[in-house]
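Following: one structure in structure tokens, then a few remarks.
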There are 2 protein chains.
Amino acid sequence: MILSQTALYALRATLCLAGHDTPEPVRVEDIAESLDVPRNYLSKILHVLARSGLLASTRGPGGGFQLARPAAELTLADIVEQFDEVADEPHCLLGRPQCSDQDPCAAHDRWRSVSVAVNQFFRGTSVADLLRDRPLAKGFEVAV
Amino acid sequence: MILSQTALYALRATLCLAGHDTPEPVRVEDIAESLDVPRNYLSKILHVLARSGLLASTRGPGGGFQLARPAAELTLADIVEQFDEVADEPHCLLGRPQCSDQDPCAAHDRWRSVSVAVNQFFRGTSVADLLRDRPLAKGFEVAV
DNA sequence: TCCAATTATCATGATCATATGATGATCCTC
DNA sequence: GAGGATCATCATATGATCATGATAATTGGA
């Protein structure tokens with residue numbers, strides 16, 4: 001519910017990168033091991049994030065992945081959006097395409113506030129916000 | 001996001017049944033046409049709901065599906081739960097199995113309130129609540 | 001009793017999410 | 001410029017979800 005496995009991996013990996021304070025890139029291998037996520041699968045996920053400019057990748061010895069911008073300017077939505085949909089307008093719970101405030105479905109008002117809360121969480125929370133709350137939660141250390 | 005196609009069909013069909021005020025059963029055929037949902041697929045979905053006692057089914061001429069109890073005693077969670085997970089305890093956004101208030105992950109506090117809101121929506125909203133808000137929203141009439 | 005209506009169930013297929021393993025491309029160091 | 005390290009990409013596999021079509025089982029009514 002809420003997030004796909006893939007988006008979850010992306011989020012955890014990004015958080016892992018952000019929590020890694022040294023300026024060098026981190027290898028896929030290390031992140032994968034640290035998060036217990038399939039290595040090649042993670043590689044593809046990180047590649048997507050790099051291609052859209054959220055991460056920077058470097059090849060060759062000493063290479064790996066880094067944040068491409070400060071963690072404070074990276075929202076959870078930025079990450080998740082690459083894999084799952086983070087709707088701007090709440091989607092109709094009942095799937096009515098024409099659903100709107102003017103032409104609402106049975107669930108409209110009640111669902112709207114919930115939906116907005118979810119949206120605001122992803123759009124309004126930055127990676128830095130999470131790190132600030134709890135710098136390095138157990139289970140997210142990078143193996144060095 | 002949020003609901004699977006199957007759970008959505010189930011919810012819409014149930015709402016459709018609840019909005020149908022005559023006491024006779026409604027045929028799968030009619031619901032399927034009314035909601036524009038594959039007929040045999042819907043049949044299987046309704047069968048699941050009937051098997052778990054949420055709907056009543058009758059075979060043969062004049063048969064079809066009905067609510068098995070008053071719409072006020074049927075929550076959205078009752079329906080959705082048959083197909084998707086409606087977690088009682090908010091799941092850790094980052095997938096940490098040991099996540100708890102005592103041993104929280106980086107996203108814990110922020111995610112918790114969002115997660116609880118979603119949960120309360122499904123558990124706290126009955127089919128009757130939706131009908132009361134807006135008796136028969138366009139697009140959910142049963143074709144008679 | 002037989003027929004038609006209707007749900008129940010089975011066999012199968014399409015598509016997508018989630019992986020796995022192998023190979024290619026690039027880059028640093030020597 | 002050679003070799004190894006590392007990301008990039010491709011081919012393939014697996015299971016779940018979503019769906020279709022055919023057939024069986026049940027039931028009410030002529």
Side-chain angles (χ1 to χ4, degrees), chain A residues 1-14 17 24-68 80 82-85 95 142-144, chain B residues 1-14 17 20 24-68 80-85 95 142-144:
Chain A
M1 211 151 161
I2 306 282
L3 283 194
S4 69
Q5 188 68 256
T6 305
L8 201 58
Y9 287 166
L11 212 50
R12 293 173 64 200
T14 305
L17 285 176
E24 300 103 39
V26 185
R27 299 188 310 144
V28 171
E29 184 63 44
D30 291 339
I31 306 175
E33 194 174 326
S34 167
L35 301 179
D36 194 28
V37 157
R39 179 217 149 114
N40 282 354
Y41 194 51
L42 183 61
S43 175
K44 224 167 21 179
I45 292 172
L46 294 182
H47 175 59
V48 169
L49 295 178
R51 208 178 42 204
S52 34
L54 301 172
L55 300 183
S57 70
T58 348
R59 301 211 256 196
F65 289 88
Q66 299 165 288
L67 298 195
V80 168
Q82 306 299 324
F83 309 97
D84 298 359
E85 186 184 11
V142 179
V144 189
Chain B
M1 207 152 162
I2 307 284
L3 284 193
S4 69
Q5 189 67 257
T6 306
L8 200 58
Y9 287 167
L11 211 50
R12 293 174 63 201
T14 306
L17 285 176
H20 198 249
E24 302 102 38
V26 185
R27 301 186 310 144
V28 172
E29 184 64 43
D30 291 339
I31 306 175
E33 194 174 327
S34 166
L35 301 180
D36 193 27
V37 157
R39 179 216 148 114
N40 282 355
Y41 194 50
L42 183 61
S43 174
K44 226 168 18 180
I45 293 172
L46 294 181
H47 175 59
V48 169
L49 295 178
R51 206 178 44 204
S52 35
L54 301 172
L55 300 183
S57 70
T58 349
R59 299 211 256 196
F65 289 88
Q66 299 165 287
L67 297 193
V80 168
E81 238 164 16
Q82 306 299 323
F83 309 97
D84 298 358
E85 186 185 9
V142 180
V144 190

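Only this structure's heavy atoms are used, side chains among them; waters, hydrogens and symmetry mates stay out. Just so we're on the same page: letters track the sequence lines, and every chain starts at 1. No experiment lies behind these values; they were computed from the predicted model shown.
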Does the side chain of [X] reach to within under 4.5 Å of the side chain of [Y], using non-hydrogen atoms?
X	Y	value
Thr58(A)	Gln66(A)	yes
Val48(A)	Thr6(A)	no
Leu49(A)	Phe83(A)	yes

Can you identify which nucleotide, out of [options], has its nearest atom closest to the [X] side chain?
X	options	answer
Arg59(A)	dA11(D), dC27(C), dA8(C)	dC27(C)
Ser57(A)	dA19(C), dC7(D), dA8(C)	dC7(D)
Asn40(B)	dT18(C), dG21(C), dG21(D)	dG21(D)
Ser43(B)	dT9(D), dA19(C), dT9(C)	dT9(C)
Ser4(A)	dA8(C), dA22(C), dT18(C)	dT18(C)
Thr6(B)	dC18(D), dA8(D), dT6(D)	dC18(D)

Under 3.5 Å, side chain of Asp84(B) to main-chain N/O of Ser4(B), donor-acceptor pair present?
yes
Between [atom2] of [N] and [atom1] of [X], the distance in whole Å:
X	N	atom1	atom2	result
Phe83(A)	dT18(C)	CZ	P	10 Å
Tyr41(B)	dT9(C)	OH	P	17 Å
Arg39(B)	dA8(C)	CZ	P	11 Å
Lys44(A)	dG24(C)	NZ	C1'	15 Å
Leu42(A)	dT20(C)	CG	P	12 Å
Ile2(A)	dA17(C)	CD1	P	17 Å
Glu29(A)	dC7(D)	CD	P	9 Å
Ile45(B)	dT9(C)	CD1	P	15 Å

Nearest-nucleotide check on DNA chain C, Pro61(A) vs Ala7(A); residue mapping nearer the 5' end is Ala7(A)
By nearest nucleotide on DNA chain C, pick out whichever of Arg51(B) and Arg27(B) is the more 5' one.
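On the 5' side of the pair lies Arg27(B).
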With respect to the phosphate group of dA8(C), does any side-chain polar atom (N or O) of His47(B) fall under 4.0 Å of OP1 or OP2?
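Yes, His47(B) has a side-chain N/O under 4.0 Å of OP1/OP2 on dA8(C).
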Kindly determine whether Thr14(A) and Leu54(A) satisfy side chain to side chain contact (heavy atoms under 4.5 Å, CB included), including the steps that lead there.
CA-CA 9 Å; Thr14(A) 305; Leu54(A) 301 172; over 6 Å; no
So what does Tyr9(B) touch, heavy atoms closer than 4.0 Å: a base, only the sugar-phosphate, or nothing?
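Touches sugar-phosphate only.
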